[in-house]
Amino acid sequence: RNCKANGTGPEGAGVCAVDGRIYDSVISNCTNGSACYIGGQSALMVRTFVCGNKSSGATAGDGYIPLGTGVIIDGGEVRDSVITGNEAKNSSWSKVYAQESMSASGVLIYSGKLVNCTVVGNTFTMTASQVETYAGLAGAVANDGGTVVNCLIADNWGNDGVPYDNALDRNRPSYYTTCCTSSIESFPEGNVSSVPGPVYRYSKRLGEYRLTQGSPCAGAGTWQTWMEGTPDIYGRAWNPDRVDIGAAVYDCKGLLLLVK
């Protein structure tokens, strides 16, 4: 709880939590692999910032470990967290995908849940041939069989100028519920589009990611039992009558109402 962590390594360079719990922490400036590994059914990460991590793919024997630059979820749950400013770069994508793997600049999910998280501003760096061959299997969130609920996934880009928000394994069940992202064509009803945007704003003064006025994320989420009596990542209470998408409750302060 209340920790700052960094490091270098293939999986969990900053934090490796197998059936462990992480609260109110910052995981940043990790290199060479995933910054956080969350594994086991009881593993939990809450109100944590995962930012500024970089990965170029770590070797493992004759192959390469799939990229989950920010977080790898292999069971357990990551909730009410911000994953931003992470960069995935791999010079050996052919080996990665020969293993039928997926890669993520933000979150790679094998199993478990990603709930009420804000995943924005993460990037991929690929060559033109890699973009053509592998783009469908890469995203800021690469879902290989997990559940994604109430998440804001937007403005994640490749160096080709194309949005890389989501990737779904075509051979395994992947579930997105009441999320906001640019690529909702294949998602079930109830998810909303981040296009044309902007659907959120970043306050440099406060260091906060907040929903914009009129954002489709405001009130579009579904109530989670853990929200009762629990603050959001910035300390505001969740509203059971109006659940928002992302890690932050919609802040309507500053709106001006004119009555004639």
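These numbers come from a predicted model, not from an experiment.
There is no path of hydrophobic side-chain contacts, each under 4.5 Å, that joins Val15 to Val46. Cluster membership check: Met45 shares its hydrophobic cluster with Val148, using side-chain heavy-atom separations under 4.5 Å among Ile, Leu, Val, Met, Phe, Trp and Tyr.
Between the side chains of Ser42 and Asp19, at least one donor-acceptor pair of N or O atoms lies under 3.5 Å. Side chains of Ser105 and Asn86: no donor on one and acceptor on the other come within 3.5 Å. Between the side chains of Gln213 and Ser215, no donor-acceptor pair of N or O atoms lies under 3.5 Å.
Listed for the Ser28 side chain is no donor-acceptor partner under 3.5 Å among the backbone atoms of Gly52. Not a single donor-acceptor pair under 3.5 Å links the side chain of Thr123 to the backbone N or O of Trp157. A donor-acceptor pair under 3.5 Å is absent between the side-chain atoms of Asn6 and the main chain of Cys30, judged by distance alone. Between the Asn150 side chain and the Thr222 main chain, a donor and an acceptor come within less than 3.5 Å of each other. The backbone N or O of Ser182 lies less than 3.5 Å from a partner atom in the side chain of Ser194, making a donor-acceptor pair. Using a distance-only test at 3.5 Å, with no hydrogens or angles considered, a donor-acceptor pair links the side chain of Asn191 to the main chain of Cys179. Side-chain N or O atoms of Ser34 include none that pairs as donor or acceptor with a backbone N or O of Tyr37 at under 3.5 Å. Between the side chain of Ser81 and the main chain of Thr48, a donor-acceptor pair closer than 3.5 Å is present. Of the possible donor and acceptor atoms, none in the side chain of Tyr234 sits under 3.5 Å from a partner among the backbone N and O of Ala247.
Between Ile233 atom CD1 and Arg79 atom CZ the span is 13.0 Å, to the nearest 0.5 Å. Atom NZ in Lys54 sits 9.0 Å away from atom CG in Asn29 (nearest 0.5 Å). If you take OG1 on Thr118 and CD1 on Ile83, they are separated by 8.0 Å, rounding to the nearest 0.5 Å. With values rounded to the nearest 0.5 angstrom, Thr69 atom OG1 is found 6.5 Å from Phe124 atom CZ.
For the pair Arg1 and Ser25, the tightest heavy-atom approach, listed with the atom from each and the gap, is C-OG, 4.0 Å.
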- Task: Start with the C-alpha distance between Tyr176 and Ile153, add both sets of side-chain angles, then the distance that settles side-chain contact (heavy atoms from CB on, under 4.5 Å), and finish with yes or no.
- Result: CA-CA 11 Å; Tyr176 285 74; Ile153 308 166; 4.1 Å; yes

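Val107 is not listed as a side-chain neighbour of Val78, based on a closest heavy-atom distance of 4.5 Å or more. Taking 4.5 Å as the limit, some side-chain heavy atom of Arg47 sits within range of a side-chain heavy atom of Thr230. Residues Leu152 and Asp244 have side chains not in contact (no heavy-atom distance under 4.5 Å, counting atoms from C-beta outward).
The aromatic rings of Trp238 and Trp226 stand perpendicular to each other, their planes meeting at an angle above 60°, with 30° marking the opposite boundary.
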